[in-house]
Amino acid sequence: MTDLGGKKAKIVSMYGQALAPESYDPPQAIKNLWEKVYNDLRSEFGEAVFRSWLKPMTLQAYYHGTLEISVPTRFMKDWIQTHYAQRMLELCAVSDSEIKRLEIVVVSSASVHEDDAVAAKPIKANVNELAEKMDLSSPMDPRFTFDTFVVGKSNALAHAAACRVVECNVPFNPLYIYGGVGLGKTHLMHAIANALREKQPQKTVMYLSAEKFMYQFVRSLRAQDTMSFKEIMRSVDVLMVDDIQFIAGKDSTQEEFFHTFNALVDQNKQIIISSDKSPSDIQGIDDRLRSRLSWGLVADIHPSTYELRLGILQAKRAQLNAAVPDQVLEFLALKVVSNIRELEGALNRIIAHADVTKVDVTLETTQDVLQDLLRAHDRRITIDEIQRKVAEHYTIRLTDMHSARRARNVARPRQVAMYLAKQLTARSLPEIGRKFGGRDHTTVMHAVRKVEELIGEDPSFAQDVDILRRTLTG
Ligand code: ADP
Ligand code: MG
């Protein structure tokens, strides 16, 4: 391995001490899965094929649905890609539907020399080529576009900010999008990258998860080739890092990211970050990085509202051209509230079921097919329990749940309790009304609508409701 002009990989923290680099290890579940696929291949293709082609494969990493496998030579990579990759992916799918892509990379001393030769050339000219060679940027999902993103109150700000980034040159830096799991952050990131590729094809766009950032950084350290990594990262026009919370506690990766960030901002290059938390809420990151992250525009995606969920289901139904009655969509939008991914999954399941059984989708078949999912949501939560928790949370008396008092400070918590009762139990509106001091079902309906509306408008209210939901279901 050549020593790049004496510049040995060395990491120094923001405070000047040397840091030990993080090591990267795929999650245990992925290791087990790989072990299984590996053995399946062996019995499927026989010992001879296995020994010549498949045995040298090594599990390198796993990030965002991509399983990365290394082989020692380029030739082997091509051969496996054309002959065995499809089957490997199928075998993965049998055990874990999360794995969507297989990336085969060449890892050997020979390939390191190859990379060095490229890195020695003027770097600006061939950033794209080099980035591709080093597998830095992740592939874009063509389904995740602005066209397929449904906008509602809860995600309007993040959506508008994302559009601005595509239309204007660095309107704010960085754009920081945050929100809970499955609420559309990755979708928006891909939508930006897809749109940039189309509207500003001259720009180099680098999109990767923070996990991949770390993994590639660690790999470049191992290969004593951090120079190429740094130069590539610092010469892109747009850097997008998904799930930045991942680098919390990973000091040397944070350090590297911090320097990349500063270098890009200095050159007026756009940075886009996503996270499950606001900059101030991420634990385990350096304060200087924290403050940098909130320099630009911080846009949050709130929990979805009923209307947005219904809108997404309608769009999805149209996309799939599937015969699903409105009533079923309304039912799903009401019941599957945790996140959009689960909502889409529920719709896919009932459509697949109808396809296989040749039975039309109805409310009955839906309840039947989604029994497990709905039961998980209904998990023995009683209205009494909801009333108790909500009263405690807002420090009102339990009897106020049944009382006729209309003062805002008791009426609002009561509405929240009705809303949660509708969402978390299988009780009908009249049944819920009866439990709240014999109120009418229209009162319950009104409460549900009102709470939905407030969730869309008021983030701290939305958070309150979310906390309550979690304590009740957790
Ligand atoms: P996150 O990255 O926030 O965890 P994703 O972007 O992966 O969430 O979204 C999960 C799924 O929900 C994806 O299939 C995505 O297309 C879908 N989704 C989320 N929000 C929307 C939306 N507003 N319109 C359409 N689809 C959405
Ligand atoms: Mg995501």
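We count ligands from 1, going down the list as the structure has it; atoms in each ligand are counted the same way.
Judged by distance alone, with hydrogens and angles left aside, the side-chain atoms of Asn339 form a donor-acceptor pair with the main-chain N or O of Glu342 at under 3.5 Å. Judged purely by atom type and a 3.5 angstrom limit, Asp300 has no side-chain atom pairing as donor or acceptor with the backbone of His302. Under the 3.5 Å distance criterion, the side-chain polar atoms of Ser294 are matched with a main-chain donor or acceptor of Arg290. Proximity of a side-chain donor or acceptor of Asn173 to a complementary backbone N or O of Ile271 within less than 3.5 Å is detected. No donor-acceptor distance shorter than 3.5 angstrom exists from the side chain of Gln270 to the backbone of Val265, with no hydrogens or angles considered.
Close approach of ligand 1 to Val150 is summarised as follows: ligand atoms under 4.0 Å from at least one heavy atom of the residue are 22 (C), 23 (N), 24 (N), 25 (C). Listed by atom number, the atoms of ligand 1 under 4.0 Å from Asn155 heavy atoms are 23 (N). Near Glu344, meaning under 4.0 Å from one of its heavy atoms, ligand 1 places the atoms 11 (C), 12 (O), 13 (C), 14 (O), 16 (O), 17 (C), 26 (N). Close contacts of ligand 1 with Thr148, meaning ligand atoms under 4.0 Å from a residue heavy atom, involve 24 (N), 25 (C).
Closest protein heavy atom to atom 27 (C) of ligand 1: Ile340 CG2, 3.8 Å. What sits closest to atom 7 (O) of ligand 1 on the protein, heavy atoms only, is Arg341 NH2, 2.8 Å. Of all protein heavy atoms, the one lying nearest to atom 16 (O) of ligand 1 is His187 ND1, 2.6 Å.
Among the atoms of Leu183, some N or O lies under 3.5 angstrom from an N or O of ligand 1.
At least one heavy atom of Gly180 lies less than 4.0 angstrom from ligand 1.
For Ile312, every heavy-atom contact with ligand 1 shorter than 4.0 Å involves the side chain, none the backbone.
Residue Gly184 holds the heavy atom nearest to atom 20 (N) of ligand 1 of all those in Gly184, Ser154, Gly182.
Note on Ser274: not counted as a metal contact of the Mg ion (ligand 2), no N/O/S atom lying under 2.8 Å.
For Tyr419 and Tyr306, the distance between ring centers is not under 6.0 angstrom.
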### Message
Under the criterion side-chain hydrogen bond (donor to acceptor under 3.5 Å, both in side chains), I'd like the reasoning laid out for Tyr62 against Glu211: C-alpha separation, chi angles, the key distance, then a yes or no.
### Response
CA-CA 9 Å; Tyr62 174 74; Glu211 193 176 1; over 6 Å; no
### Query
What's the verdict on side-chain hydrogen bond (donor to acceptor under 3.5 Å, both in side chains) for Thr145 and Asn194, showing C-alpha distance, side-chain angles and the deciding distance?
CA-CA 7 Å; Thr145 62; Asn194 282 322; over 6 Å; no
